[in-house]
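Report on one structure; see the data block that follows.
Letters go in sequence order (proteins before strands), and every chain restarts at 1. A quick note: this is a predicted structure, and the numbers were derived from the prediction, not measured.
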Amino acid sequence: MHDYRVLRDDVELLRGAIERRGKRDQYASVIDRGITLDAMRRATIQAVEEKKAERNQNSQEVARRKRNKEDAEELIAAGRTLGEEIAALEYELTRSQADLDAILLDLPNITLDDVPAGDESANRIEKTWGTPRESAGCRAHWDVASQLGILDLERGAKVSGSGFIVMRGAGARLTRALMNFFIDVHTREHGYEEVWVPAVVNRRSMVGTGQLPKFEEDMYGLREEELYLVPTAEVPVTNLYRDEILTASDLPRGFVAYTPCFRREAGAAGKDTRGLLRLHQFDKVEIVRYCTPEQSAEEHERLTRHAETLLERLGLPYRRVLLAAGDTGQSSAKTWDLEAWAPGVGKFLEVSSCSTFTDYQARRANIRYRPAAGEKPRFVHTLNGSGLAFPRVIACLLEHYQQEDGTVRLPDCLHPYMGTAVLG
RNA sequence: GGACAGGUGGCCGAGUGGUUUAAGGCGCACGCCUGGAAAGCGUGUGGUGGGGAAACUCACUCGCGGGUUCGAAUCCCGCCCUGUCCGCCA
């Protein structure tokens, strides 16, 4: 969400950002309409407040006369007229304000200067780590897993539908191991506070982080209750401090949370559907940071490193990709995807997405901080990243560490959590 | 789910239609006092939006949303949240 002022003072900045996202056609008329609505809104505010000031004076004069037992009938009649005029103006104001808010909620964030313009083909590989294993002779994770008996796709589909899975035995334990390993590293070594949060959130939370109103069709909702299943822990964790004012000394501040994640994947039918590649429900540990605007660039790098470290501990080769503006999420100002190599399917799989939202989410969720006692509150910057998403990490582990005999050797860091060094 | 009680500024707390355009206190900031401090005294102390170069000014804000009224923290309706008890329950 943007400030109303973006339509007065920074329209060219906004237009440029939308151009770089390749969305000029989609938004050109929306922006023009926003500018008109903002002017209307301000004119109406001036008119209505003028009338209200008049009404307040009038009422005080009525009070004074009544105290002195004087006649006030004439003033009361004048007040009645003012009331009607105010009601009419307020109706107008409510309407133009609602239209304007809808536009401001709809506009995407302004990407940072170093984000390349263009669509996904302009994404830039920033670095690579490790040596990708040759695909030759590597089986896909669904074959490895099925031979090990740790993944039951058929029964997941029976119980819930396609895109829902059952992990069994060592597979179930591996999920639990990853959760503990990831959270332990973030709390013990990276200074995050661990939180355990609801997986069902209200509408305001979904609007706060930017999932709604625009992406309603991607969300699972309990519509009767106005509640939604979280698509990521980002939603409950970022909204922890909605409508609050933090103190500068609290920043930067980080939280880590495990939650299941629910996504309808409405626009992705038939894409990457096999095995663990794309699920309607999956598990993920998420890291979220709040900081000041001055800190956010550095914090973005730090958070991304926190996610990368986990891949390095797991010994999984990966690359860091800077997303081009057109591939960057609506709320994000800059995103690095971490993609781990899955030799069996012969692809890099996105296992983490590390974004800085600048003040876009903070405006929507009204999360501020006070720079110093007595100073005006400012919006915080919010950041988050997966650290990490389990199913694709499991896919990479199974494919990268598979051995000729069908067993899978686990990286050292998981041994204590699994109680074994080998699956199978 | 049912019954009852509540929701006022950073905190406590007064306030049942018009000098409350929110009393008083605590806390906080600054000043005076002091060798220094405490105490005491004085001044100030939220948020949002509009106008303005600024000083400043206007409007809104007493859980949220409607309504009644010339005028609502105060009256009416709906909702949300918290507490206590009951019911149900992992």
Side-chain angles (χ1 to χ4, degrees), chain A residues 1-10 34-105 196-208 222-228 236 239-251 259-260 359-380:
Chain A
M1 173 143 182
H2 299 284
D3 192 86
Y4 294 121
R5 291 185 187 86
V6 85
L7 294 169
R8 290 171 228 165
D9 307 334
D10 290 317
I35 293 168
T36 308
L37 282 167
D38 177 55
M40 275 174 58
R41 169 180 163 273
R42 279 186 294 163
T44 313
I45 284 173
Q46 283 185 44
V48 77
E49 289 191 353
E50 205 173 294
K51 293 286 180 194
K52 281 185 175 179
E54 217 177 303
R55 180 181 65 184
N56 288 347
Q57 285 189 346
N58 189 263
S59 294
Q60 279 182 37
E61 180 60 16
V62 171
R64 195 191 63 77
R65 290 203 187 175
K66 291 228 167 187
R67 240 179 285 124
N68 298 339
K69 311 281 187 206
E70 294 169 20
D71 177 59
E73 280 311 311
E74 197 180 312
L75 293 179
I76 287 172
R80 195 172 293 135
T81 309
L82 277 171
E84 283 159 11
E85 288 170 345
I86 288 167
L89 286 167
E90 276 190 330
Y91 175 74
E92 209 174 295
L93 180 61
T94 305
R95 273 200 357 206
S96 59
Q97 183 124 5
D99 289 350
L100 183 56
D101 285 346
I103 287 173
L104 290 169
L105 283 171
W196 195 271
V197 294
V200 175
V201 297
N202 58 33
R203 188 177 176 87
R204 277 212 60 198
S205 294
M206 292 290 267
V207 172
L222 307 160
R223 302 285 150 79
E224 306 77 17
E225 308 257 357
E226 280 261 285
L227 292 172
Y228 297 84
N239 277 283
L240 285 177
Y241 289 93
R242 191 176 71 225
D243 295 324
E244 293 194 37
I245 300 175
L246 307 169
T247 54
S249 57
D250 288 336
L251 303 173
T259 65
D359 62 5
Y360 186 89
Q361 291 183 328
R363 282 183 192 285
R364 288 174 162 253
N366 191 28
I367 306 166
R368 294 171 294 168
Y369 76 101
R370 201 180 295 283
E375 286 187 40
K376 281 272 172 194
R378 300 168 70 199
F379 289 107
V380 301

Taking only residues two or more places apart in sequence, or in another chain, which ones meet [X] in a salt bridge (charged side-chain N to carboxylate O under 4.0 Å, His left out)?
X: D10(A); result: none
X: E92(A); result: none
X: R203(A); result: E216(A)
X: R363(A); result: D3(A), D359(A)

Whole angstroms only, please: what is the [atom1]-[atom2] distance between [X] and [N]?
X: Q60(A); N: U19(B); atom1: CD; atom2: C1'; result: 9 Å
X: I45(A); N: G51(B); atom1: CD1; atom2: P; result: 8 Å
X: Y4(A); N: U48(B); atom1: OH; atom2: C1'; result: 10 Å
X: E61(A); N: U19(B); atom1: CD; atom2: P; result: 14 Å
X: D3(A); N: G50(B); atom1: CG; atom2: C1'; result: 13 Å
X: E90(A); N: G49(B); atom1: CD; atom2: P; result: 18 Å

How far does the [atom1] atom of [N] sit from the matching atom of [M], given to the nearest Å?
N: U68(B); M: C75(B); atom1: C1'; answer: 8 Å
N: G9(B); M: G67(B); atom1: C1'; answer: 27 Å
N: C76(B); M: C86(B); atom1: C1'; answer: 30 Å
N: A72(B); M: U8(B); atom1: C1'; answer: 14 Å
N: C60(B); M: C64(B); atom1: P; answer: 15 Å
N: C12(B); M: U19(B); atom1: C1'; answer: 26 Å
N: U74(B); M: G87(B); atom1: P; answer: 37 Å
N: A22(B); M: G10(B); atom1: P; answer: 15 Å

Inset, instruction - Sequence neighbours left out, what passes ring pair (Phe, Tyr, Trp, His ring centres under 6.0 Å) with Y369(A)? Give chain and number order. - result: none
Legend entry - Pairing string, 5' to 3', for RNA chain B - Watson-Crick or wobble contacts under 3.5 Å, brackets [ ] where pairs cross, | to another strand: ((((((((.[[[..)..(.....]]]((((((.......))))))((((((....)))))).[[[[[..)....]]]]])))))))....
Inset, instruction - Using a strict 4.0 Å threshold on nitrogen-to-oxygen distance, state whether D71(A) and K66(A) make a salt bridge. - result: no
Legend entry - Salt-bridge criterion met for E90(A) and K52(A) (N-O under 4.0 Å): yes
Enumerate the protein-to-nucleotides 43-47 of chain B contacts in which both atoms are nitrogen or oxygen and the separation is below 3.5 Å.
from	atom 1	to	atom 2	distance (Å)
G47(B)	OP1	R370(A)	NH1	3.3
G47(B)	O3'	R368(A)	NH1	2.9

Output all residues satisfying side chain to side chain contact (heavy atoms under 4.5 Å, CB included) with [X], sequence neighbours left out; order by chain, then residue number.
X: E84(A); result: R80(A)
X: S205(A); result: V201(A), N202(A), V235(A), N239(A), R242(A)
X: E61(A); result: R64(A), R65(A), L75(A)
X: Q60(A); result: none

Inset, instruction - Classify every nucleotide of nucleotides 55-79 of chain B by which part a protein heavy atom approaches to under 4.0 Å, writing B for the base, S for the sugar-phosphate alone and - for neither, in 5'-to-3' order. - result: ---BBS---------BS--------
Inset, instruction - Quick one: label R8(A) by what it contacts on the DNA or RNA (base, sugar-phosphate, nothing), any heavy atom closer than 4.0 Å. - result: sugar-phosphate
Inset, instruction - Just call it for R65(A): base, sugar-phosphate, or nothing, with non-hydrogen atoms closer than 4.0 Å on any strand. - result: nothing
Inset, instruction - Would you kindly say whether D250(A) and T247(A) are connected by a side-chain donor-acceptor distance under 3.5 Å? - result: yes
